[in-house]
2 protein chains.
Amino acid sequence: MPEPRQRADAVRSREAVLDAAEALFARSGPAEVSMNAVASAAGVGKGTVFRAFTDRAGLLQALAERRTAALRRAVAEGPAPLGPGAPPHERIPAVLDALARFKLDNQSLYLVLEEAGAASPYRSPSYTWWHTTLRDSLAQCADAGRADFVAHALLAAVRADLIAHLLTVEGLSVDEIRDRLAVYVRSVLPRDTHA
Amino acid sequence: MPEPRQRADAVRSREAVLDAAEALFARSGPAEVSMNAVASAAGVGKGTVFRAFTDRAGLLQALAERRTAALRRAVAEGPAPLGPGAPPHERIPAVLDALARFKLDNQSLYLVLEEAGAASPYRSPSYTWWHTTLRDSLAQCADAGRADFVAHALLAAVRADLIAHLLTVEGLSVDEIRDRLAVYVRSVLPRDTHA
DNA sequence: TGCGATACGGACCGCCGGTCCGTATCGTCG
DNA sequence: CGACGATACGGACCGGCGGTCCGTATCGCA
């Protein structure tokens, strides 16, 4: 199966829809962006949107993939402290801090993305990637068998709706959130590796 | 305003709807229970359901309130280790374990309950209550200023969709989940109080 | 330049949460 | 005990959602 190539107009439409969707999600609240709205904002028929992305979840996922590409690259192959070269007890807080900052900058998108709805966020490739990365780093940090759960728990601490709540309802500043998170993450990591 | 009293039939309907809803949520998956289904399962018109609970969120909240009453009482005024008499470093793991077990027993209800949807779960009175309880216990455990965030982070570790994922996708047993959680919670609590 | 394959658009579908109002029931008071 | 005002009931109804379908327009290869 040699990748049947895509027609030029299809590629153009796909791009237009992604751009429009990104703009809409940035501007408005979570569930307020309908597929209809995306389609007409992109200057495209509804059918085209669904042809390109299958369903709502597909569009959201494509959006996430595109938006996080740079950050993921920085973590996967960049320099310390984010990259794989850094020692775990530096890398883990750095990665979580970067992820938290990123979610703070892309709140509305992530609020939608992590909405349970049909498929839980835990099945999405995006979550799985972060979890695996974190788990592997944690596994170098002594508590091998528990690394899997700890990775989940740490990621849960930076869930979009929690962060939004801290910011909006509890009135914390971005730096306060980052600070609390940093302290918390350090408290979870084993003490013996602390030097 | 002397509480205008309710008519007998209204009370009966309310009860019938709660019973029916509880049964439906226990049986089926999360988003698969429509208000229409609840109404007809309760042998009642749709209007009656909305009259009694205002909207979907109201019904869900009433359901949660009713279902967790016993557990909340045990935590608020019961004996150690759950009750307020227990020392924090025993009470906190006990409370989280109890909460996790409870969510394991009421998965589908909690999956619906914690769905972001309109209002985030963090604004619900139920969440606020658990958070306050946990925060107060944590505050007796040294790290005063951070207690608020730590309470959020620990509660995030027992979110319904995470627990469901561990159980369903990762195939952990109930006891494995409780064990991982216990170890994790202990790692978060300050070491100095460890004896 | 012609023609098969592909993509486009928007009318259309079933269903959802939520509203509305004519009708039936309640409970109080004479 | 009968009658009447207040309250609750039920289900037709509404706007809008995610998703489908198919006649039509466009693409790109020969």
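These numbers were taken from a predicted model, which means no experiment stands behind them. The sequence lines fix the lettering, A, B, ..., with proteins before strands; numbering per chain opens at 1.
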Asker: Please check if the number of heavy atoms outside R123(B) that lie under 6.0 Å from its CZ is greater than 12.
Answerer: no

Asker: Give the residues of residues 37-45 of chain B touching DNA chain D, defined as any heavy atom closer than 4.0 Å, sorted by residue number.
Answerer: V44(B), G45(B)

Asker: Just so I know, are the side chains of R101(A) and L71(A) near enough to count as touching, which here means a heavy-atom distance under 4.5 Å?
Answerer: no

Asker: Choose from dG10(D), dC8(C), dC27(D) the nucleotide whose nearest atom is closest to any side-chain atom of R12(A).
Answerer: dC27(D)

Asker: Could you check R51(B) against T48(A) and say which one's nearest nucleotide on DNA chain C is further toward the 5' end?
Answerer: T48(A)

Asker: Side-chain N or O of S13(A) versus OP1/OP2 of dC8(C): is the shortest distance under 4.0 Å?
Answerer: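 Yes, within the criterion.
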
Asker: Might you work through the side chain to side chain contact (heavy atoms under 4.5 Å, CB included) test for D175(B) and R178(B), ending with a clear yes or no?
Answerer: CA-CA 5 Å; D175(B) 286 337; R178(B) 291 177 60 198; 3.7 Å; yes

Asker: Taking the side chain as everything from C-beta on, heavy atoms only, tell me whether P93(A) gets closer than 4.5 Å to L189(A).
Answerer: yes

Asker: In terms of relative ring orientation, are H152(A) and Y122(A) parallel, tilted or perpendicular, with 30° and 60° separating the classes?
Answerer: perpendicular

Asker: Within this structure, what is the CZ-CG distance for the pair R180(A) and L172(A), rounded to the nearest 0.5 Å?
Answerer: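 With rounding to 0.5 Å, CZ (R180(A)) is 6.0 Å from CG (L172(A)).
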
Asker: Main chain of G83(A), side chain of R91(A): is a donor-acceptor contact present, judged purely on distance under 3.5 Å?
Answerer: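 Checking the backbone N and O of G83(A) against the side chain of R91(A), a donor-acceptor pair under 3.5 Å is found.
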
Asker: Apply side chain to side chain contact (heavy atoms under 4.5 Å, CB included) to E22(A) and L18(A), showing your working.
Answerer: CA-CA 6 Å; E22(A) 192 160 319; L18(A) 279 176; 5.9 Å; no

Asker: I'd like a table of atom pairs between the protein and nucleotides 16-20 of chain C - only N or O on both sides, under 3.5 Å - with the distance next to each one.
Answerer:
residue, atom, partner, partner atom, Å
dG17(C), OP1, R56(B), NE, 3.0
dG17(C), OP2, M35(B), N, 2.9
dG17(C), N7, K46(B), NZ, 3.2
dG18(C), OP2, R56(B), N, 2.8
dG18(C), N7, K46(B), NZ, 3.0
dG18(C), O6, K46(B), NZ, 2.4

Asker: Quick one: which protein N/O atoms are closer than 3.5 Å to N/O atoms of nucleotides 27-30 of chain C? Pair and distance per line, please.
Answerer:
residue, atom, partner, partner atom, Å
dG27(C), OP1, A8(B), N, 2.9

Asker: Step by step, would you call Y110(A) with R159(A) a side chain to side chain contact (heavy atoms under 4.5 Å, CB included)?
Answerer: CA-CA 9 Å; Y110(A) 269 98; R159(A) 279 181 70 149; over 6 Å; no

Asker: Yes or no on side chain to side chain contact (heavy atoms under 4.5 Å, CB included) for L155(B) and L99(B), after CA distance, side-chain angles and deciding distance?
Answerer: CA-CA 9 Å; L155(B) 286 174; L99(B) 188 52; 3.6 Å; yes

